[in-house]
Number of protein chains: 2
Amino acid sequence: MELAAAKLKFIEAWGKLGSEWGINRTMAQVHALLLISPEALTTEEIMEQLSISRGNANMTLRDLIGWGLIEKQHKAGERKEYFFADKDVWNIARQVAKERKKRELEPILKVLSELSHVAGDEKDPEFKTFKKSITDINKLAGNVDKTLETMLKAEESWFWGSVLKVFK
Amino acid sequence: MELAAAKLKFIEAWGKLGSEWGINRTMAQVHALLLISPEALTTEEIMEQLSISRGNANMTLRDLIGWGLIEKQHKAGERKEYFFADKDVWNIARQVAKERKKRELEPILKVLSELSHVAGDEKDPEFKTFKKSITDINKLAGNVDKTLETMLKAEESWFWGSVLKVFK
DNA sequence: TTAAAGTTTCAAAAATTATTGAAAATTTAT
DNA sequence: ATAAATTTTCAATAATTTTTGAAACTTTAA
């Protein structure tokens with residue numbers, strides 16, 4: 001396969017994966033494009049390569065900055081802004097984990113802990129089943145939270161070394 | 001909080017979390033409802049409780065069966081079908097992990113391994129950057145795959161015991 | 001058989017989400 | 001200050017996803 005074709009295939013696959021995981025397809029594609037670009041790109045170049053509008057490019061780039069996945073770059077003597085992606089895949093994974101933990105896991109943990117305090121009749125099957133499910137989900141989510149917490153602080157090789165060694 | 005209000009809150013929160021993770025909100029809500037129901041429910045009851053149409057209920061229930069999260073139950077002397085959810089939260093986690101691994105991780109691993117064989121000029125920065133990103137993502141995805149593989153076979157207490165002990 | 005009960009399908013409608021594009025705002029060089 | 005270059009905003013439009021509901025289909029009891 002040609003490099004050009006391979007790039008397109010990667011951008012397409014990354015976009016599809018993103019959309020399956022609740023991430024806007026275009027956002028995942030812009031990220032993919034920047035991930036495989038040795039140089040920082042301008043908004044124009046991104047619009048051109050992905051056939052998207054200026055408005056879409058601008059908002060998507062802003063979101064990617066909000067996720068901590070890309071940064072703006074100023075080139076001396078140039079008026080235009082350039083964008084480049086952190087290429088360290090472990091950083092990317094940690095950054096995504098960090099954001100989704102904050103945006104999604106923590107809010108649901110909050111709801112679950114409220115719900116686990118609901119009082120009721122221990123003889124009522126409705127109550128018992130509710131309480132058990134909430135408690136169990138709460139515990140699992142707590143374990144996930146702790147594991148992510150560790151991951152966020154960890155070096156990649158140590159993390160996978162530890163995890164995979166345990167499971168050998 | 002009343003049990004009735006707590007149930008609604010859980011169903012809503014579970015639906016929201018689902019939609020943030022690429023799972024149809026209604027599907028997550030039906031799953032939530034069955035998770036906290038001590039008894040199996042009929043399509044009618046589910047339609048009623050969540051205010052959804054028959055068609056929607058039917059398709060959603062079929063999808064949930066496809067994900068291995070709920071089952072049909074026949075009651076002796078009854079014409080109607082009943083549905084109930086596996087209440088074991090570790091089973092649920094494994095089942096979701098198993099399906100998403102099969103539906104999403106494996107296809108992307110396949111693409112990545114094809115892309116990591118693209119040949120090119122090692123002096124070309126375009127090629128080098130592409131190759132490095134693909135290779136790194138491929139490695140990370142491989143580690144995730146191995147970890148999931150272990151999780152799928154593991155007992156809950158052993159799994160979290162091992163993982164959290166390492167990270168203490 | 002027949003018909004009532006229950007389930008499934010799927011085209012059309014509704015709801016949601018993403019994208020466009022042009023105007024407004026901002027920045028920078030002169 | 002002026003104006004050209006660039007970025008941002010956001011109402012309107014388009015695309016996608018979800019839901020509805022009624023007809024078709026299936027199952028079962030008599």
Side-chain angles (χ1 to χ4, degrees), chain A residues 11-12 14-34 40-67 69-84 100 103-104, chain B residues 11-12 14-34 39-67 70-84 100 103-104:
Chain A
I11 290 167
E12 188 189 306
W14 208 237
K16 181 157 171 279
L17 188 67
S19 71
E20 287 164 345
W21 284 82
I23 284 147
N24 178 314
R25 211 178 57 113
T26 299
M27 182 168 141
Q29 288 184 335
V30 170
H31 185 229
L33 175 62
L34 290 173
L41 302 180
T42 63
T43 302
E44 296 283 343
E45 289 167 324
I46 292 162
M47 287 165 60
E48 150 96 12
Q49 294 219 37
L50 300 178
S51 305
I52 61 174
S53 71
R54 186 174 301 285
N56 195 4
N58 185 271
M59 295 183 102
T60 297
L61 288 164
R62 183 213 275 158
D63 285 351
L64 281 167
I65 291 171
W67 277 82
L69 296 175
I70 69 171
E71 285 179 36
K72 279 187 186 176
Q73 190 171 72
H74 295 292
K75 291 207 179 179
E78 289 242 32
R79 195 82 175 264
K80 275 182 286 218
E81 288 174 329
Y82 287 76
F83 298 89
F84 74 100
R100 296 202 85 151
R103 297 172 191 210
E104 295 146 18
Chain B
I11 290 167
E12 187 189 307
W14 208 238
K16 179 156 173 281
L17 187 69
S19 71
E20 288 163 344
W21 285 82
I23 283 147
N24 178 315
R25 212 178 57 113
T26 299
M27 184 166 140
Q29 289 185 333
V30 171
H31 186 228
L33 175 63
L34 290 174
E39 303 290 340
L41 302 180
T42 62
T43 303
E44 296 284 342
E45 288 167 325
I46 292 163
M47 288 165 58
E48 149 97 13
Q49 295 221 34
L50 300 177
S51 306
I52 61 175
S53 71
R54 185 174 302 286
N56 195 3
N58 185 272
M59 295 182 103
T60 297
L61 289 164
R62 183 215 273 158
D63 285 351
L64 282 168
I65 291 171
W67 277 81
I70 68 170
E71 286 179 37
K72 279 187 187 175
Q73 191 172 71
H74 295 292
K75 292 205 178 178
E78 288 244 33
R79 196 82 174 264
K80 277 183 282 220
E81 288 174 329
Y82 286 77
F83 299 89
F84 72 101
R100 296 202 86 149
R103 297 174 192 208
E104 294 147 18

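Note on naming: letters A, B, ... go to the chains in the order of the sequence lines (proteins, then strands), and numbering restarts at 1 for each one.
Separating the CD atom of A:E20 from the C1' atom of C:dT17 is a distance of 17 Å, rounded to the nearest angstrom. A:I23 has its CD1 atom 15 Å from the P atom of C:dT17, to the nearest Å. In this structure, B:L64 atom CG and C:dT8 atom P are separated by 14 Å, rounded to whole Å. C:dA5 atom C1' lies 15 Å from atom NE2 of B:H74, rounded to whole Å. Note: NZ (B:K16) to C1' (C:dT16) measures 16 Å, nearest angstrom. Distance, A:N24 CG to D:dA15 P: 16 Å, rounded to whole Å. At whole-Å resolution of the value, CZ in A:R25 and C1' in D:dT16 are 10 Å apart. Here D:dT6 presents its P atom at 16 Å from CG of A:L61, a figure rounded to the nearest Å.
Under the side chain to side chain donor-acceptor pair (under 3.5 Å) criterion, B:T60 pairs with B:N56, not counting sequence neighbours. In this structure A:K80 satisfies the salt bridge (Lys or Arg N to Asp or Glu O under 4.0 Å) test with no other residue, sequence neighbours excluded. Looking at residues two or more places apart in sequence or on another chain, you find no side chain to side chain donor-acceptor pair (under 3.5 Å) involving A:R79.
For D:dT18, the OP1/OP2 oxygens have no side-chain nitrogen or oxygen of B:T26 closer than 4.0 Å.
Taken to the nearest 0.5 Å, the CZ atom of B:F84 stands 5.5 Å off from the CD atom of B:Q73. Note that CD1 of A:I52 is 12.0 Å distant from CE of A:M59, once rounded to the nearest 0.5 Å.
For the pair B:L61 and B:L34, the minimum side-chain heavy-atom distance is below 4.5 Å. At least one side-chain heavy atom of A:K72 sits under 4.5 Å from a side-chain heavy atom of A:F83.
Near-neighbour residues of DNA chain D inside residues 76-84 of chain B, defined by a heavy atom below 4.0 Å, number-ordered: B:R79. Taking every heavy atom of residues 46-59 of chain A and every atom of DNA chain D, pairs under 4.0 Å involve A:R54, A:G55, A:N58, A:M59, by number.
Each of B:L41, B:I65, B:D63 was compared with B:I70 under the side chain to side chain contact (heavy atoms under 4.5 Å, CB included) criterion, and only B:I65 meets it.
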With a cut-off of 3.5 Å and sequence neighbours excluded, list every side-chain donor-acceptor pair involving residues 21-33 of chain A.
from, atom 1, to, atom 2, distance (Å)
A:W21, NE1, B:E104, OE1, 3.0
A:N24, OD1, A:T26, N, 2.7
A:N24, OD1, A:M27, N, 3.3

